[in-house]
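What follows is a set of notes on a single structure, which appears directly below.
What you see below is based on every heavy atom in this structure, not just the backbone, and it leaves out hydrogens, waters and symmetry mates.
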Amino acid sequence: MRSSIAAIAAILVLSAPAVAAAAPVRSTAAKSAEPSIETMKRLVKELSSDAYEGRAPGSAGEEKTLALLSAEFAKLGLKPGNKGSWFQDVPLVEITAKNVSALSFTGGKSSVTAAYGPEMVVGTYRTTEKHIELKDSPVVFVGYGINAPEKGWNDYAGLDVRGKTVIILVNDPDYETQGLTGPFNGRAMTYYGRWTYKYEEAARQGAAAAIIVHDTVPAAYGWNVVQSSWTGAQHVADSANGNAGQSQAIGWVQKDKAAALFASAGLNLDAQMAAAKKPGFKAVPLTGVTANVSFDNDLRKHSSKNVVALLPGKARPDEYVLYSAHWDHLGHCQAAPDGDDICNGAVDNATGTAALVALAQANVKAGPTDRSQVFLAVTGEESGLLGSAYYGANPVFPFAKTVGGVNMDALSVAGLAKNVVVIGKGKSQLDAYLDRALAAQGRVATDEPTPEKGYYYRSDHFSFAKHGLPMLYFEGGEDLVKGGTAAGMAAAEDYTKNRYHGPKDEYDPNWDWTGVLADLKLYYAVGRDLATTSDWPNWVEGDEFRAIRDKDRAGK
C-alpha cells in the first residue's frame, strides 16, 4: 500500500453526494439462512486463545490460523480459491529493531532526549539494512507534511530535505473544523492525514528520517496504541530493491518531547502547529539542531498468506462477490502490568475472521447463488494493509468481474444498536443494498461520528476501493437499545483506551452477541443480494474511485 497509493494520492478529494440508486431486486428463487452465533463464539474463542500467540504473520500462530480456516472452509464444501490452493503467498519481511538508542536532538539551547518505548518509537521500511545510523541530521518542521498539487498545498515547497529529519503533524490541517468543508474536507480525514501517507511523502522528498508528533485527538488513539503497535516484530512488503527509496528511520515522538525540542531551537510548538494549519505555511528549520538515533535490525524474509475460499455460482460463476476480513494481529506485544504480552486480537479481528466462516456456512445452507462468492481472509492488515494491498495488485479474481463486496473488521460486542455506522457513507451505490437490509430490521445507517479519525483508510476495503471495486464497510452503531448513545460511546471509549491493540483484547464469555448477530444478518443480506442480482453497482458520480471502476468495467 505504501508505494502504490502514491499513484492516486493526487486525486484523493473526498466527496459524499447522496446515493441515487434503485433498491436491488433479489432473485425470487433466493433462499435465506441465519448466520450462526455458536460458530462465531467457537471460532473467536479459538482464534484469540493464547495458543495462537496473537496471530502475527510468519509465526506459529499464522500456521494454526491458516490450518483452522482452510479446514473450516473445506468442511463446508467450499473450493480452494487460488488455482486449487487455499492460499495466496504474500512476500513480506519481518523486521525487529534491537539495541535501539534514544532519539537525541543536539545543537539547540539544550539537548533533548526521548527514550525508546515510553517517549518515542522508531523503525524502518528498508528491508536489507541490518544497522541504521542517523547521525547529525538537520531537523526541519514541515507542518502536516502534505504535498497536494490539486489543492494548491505543498508543505515541502522550496525545500530540500535530503539527509534531513522532518518533524510532521498527524491528521489534516483542518481536522478541528466542525463541518465537512475545508481544503482537506474539514473534519473528515483524507488520506493526506494518515500516518502512512506522511512517511510516503517524506520518502519521496528524500528525507533521511520522518518523525510524527503524537497528539491523542488528531491521532485518534493514545500513546499506548503507538507503543504496542510499533515495538516488537514489524512486517513490511518485500521489494526487489529492499525499499531503498524509503527514509532510513520513521517513527513517532510524544508531544511533550516535541515541545521541548522546539523550545531548544527557540520556537513554540503550539504556535508552529497553529501556523501549519494555514494555507501558505512555510517549513521551519530548527536552526542548528540535529537528530541522532541508531538501531540494529533482525531481518527475516517470509511469505505470509491470504486465505482464498470459493463458493461457486450456479448461473454466472465467472462473476464474483467478495467478503473480506483480516486474520492477523500483533502477536507478542508490550506487556500489560500483569505480565501478559500476547495481543490476542479477539475483537480486532477474530470477530471478522470468524464472520467469514459463519457467512460461508449460512450461504451453503441457503444454497448456491447465481454469482460466485469469495471469502478472503487477508494477512498484514495491522502492518499497513499488506495482504489486501497485495491482493489488490494481484487479484485472484479480476476486479472487472467482481461485482463488489463487504469488509468486516472488529464487530461490536457492546450489544444491539439501533443504527450502524457506515464508513464512507454516500460513496457508492452499495448503500442502497444496506438500506434495504436495515429496513427489514427497523434500523438505520448513520454517518461516522468521528470522521476525523480516518477510518476509511484504516481497513482492507481501501485496498480494493483504490482499484475501483465498490466495497461496503460498516460498524455496529453507538445508539444502543440498552443505554442509548451514552452507553455506546462509553463502550467504544473503554475499548479504545483499555483493549485496542493491547493484551486485554481477549475473548469474554459474557459478551453481548445480539449486535453481532444483527450485523451479520446485514452482511449476509447484502452479500446474498449482490450474488443474486444482475446489477453492477458503482461508485456515485464524482467519487474519486468512479473513473477507475468505469475504465475497468469498460475493458472487462
Side-chain angles (χ1 to χ4, degrees), residues 97 100-123 134 136-145 155 164-173 175-176 189 193-195 198-199 202 207 209-231 247 249-278 281 283-295 333-337 452-454 493 496-498 500-502:
V100 185
S101 74
L103 173 62
S104 65
F105 299 95
T106 58
K109 295 178 181 178
S110 58
S111 297
V112 176
T113 300
Y116 178 63
E119 297 173 332
M120 70 87 178
V121 291
V122 69
L134 183 74
D136 297 330
S137 173
V139 180
V140 184
F141 174 57
V142 295
Y144 287 87
D155 289 325
K164 297 178 181 178
T165 294
V166 293
I167 306 296
I168 312 171
L169 301 176
V170 71
N171 215 311
D172 296 318
Y175 78 89
E176 292 179 303
M189 183 191 286
R194 284 290 288 152
W195 57 266
K198 312 291 185 181
Y199 297 136
I211 306 296
I212 296 174
V213 177
H214 177 263
D215 194 354
T216 297
V217 172
Y221 36 71
W223 182 257
N224 62 306
V225 174
V226 176
Q227 185 173 352
S228 64
S229 302
W230 278 74
T231 51
S247 301
I250 55 173
W252 295 70
V253 67
Q254 288 263 37
K255 186 180 178 183
D256 60 347
K257 283 295 177 179
L261 165 64
F262 276 59
S264 76
L267 300 170
N268 180 274
L269 176 60
D270 289 337
Q272 294 301 319
M273 291 173 66
K277 290 179 169 63
K278 300 175 182 177
F281 167 78
V284 180
L286 275 62
T287 306
V289 177
T290 60
N292 301 270
V293 72
S294 66
F295 51 93
C333 58
Q334 184 72 27
E452 70 277 10
K453 295 183 179 181
E493 182 180 355
T496 300
K497 182 178 179 181
N498 297 313
Y500 176 63
H501 279 208

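For the side-chain hydrogen bond (donor to acceptor under 3.5 Å, both in side chains) test, no residue two or more places apart in sequence or in another chain qualifies with D270. Here D155 pairs with W153 under the side-chain hydrogen bond (donor to acceptor under 3.5 Å, both in side chains) rule; sequence neighbours left out. Annotation: side chain to side chain contact (heavy atoms under 4.5 Å, CB included) contacts of P138 (sequence neighbours excluded): K164. Residues that satisfy the side chain to side chain contact (heavy atoms under 4.5 Å, CB included) test with A209, not counting sequence neighbours, are L134, T165, A249. For T496, the side-chain hydrogen bond (donor to acceptor under 3.5 Å, both in side chains) criterion is met by no residue, not counting sequence neighbours. Legend: residues meeting side chain to side chain contact (heavy atoms under 4.5 Å, CB included) with A276, ordered by chain and number and at least two apart, are F141, Y144, L169, F281. Checked against salt bridge (Lys or Arg N to Asp or Glu O under 4.0 Å), E176 has the following partners two or more places apart in sequence or in another chain: K277. Scored by the side chain to side chain contact (heavy atoms under 4.5 Å, CB included) test, D256 finds Q254 as partners (sequence neighbours excluded). In terms of the side-chain hydrogen bond (donor to acceptor under 3.5 Å, both in side chains) criterion, residue partners of T290 (sequence neighbours excluded) are, by chain and number, T106.
Between Y500 and Y221, the ring planes lie tilted relative to each other; the angle falls in the 30° to 60° range.
Legend: salt bridge (charged side-chain N to carboxylate O under 4.0 Å, His left out) pairs involving residues 107-117, not counting sequence neighbours: none detected.
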Please set out all donor-acceptor pairs under 3.5 angstrom arising from side-chain atoms of residues 110-123, sequence neighbours excluded.
residue, atom, partner, partner atom, Å
E119, OE1, A115, N, 2.7

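Judged by distance alone, the side chains of S229 and H501 do bring a donor and an acceptor atom under 3.5 Å apart.
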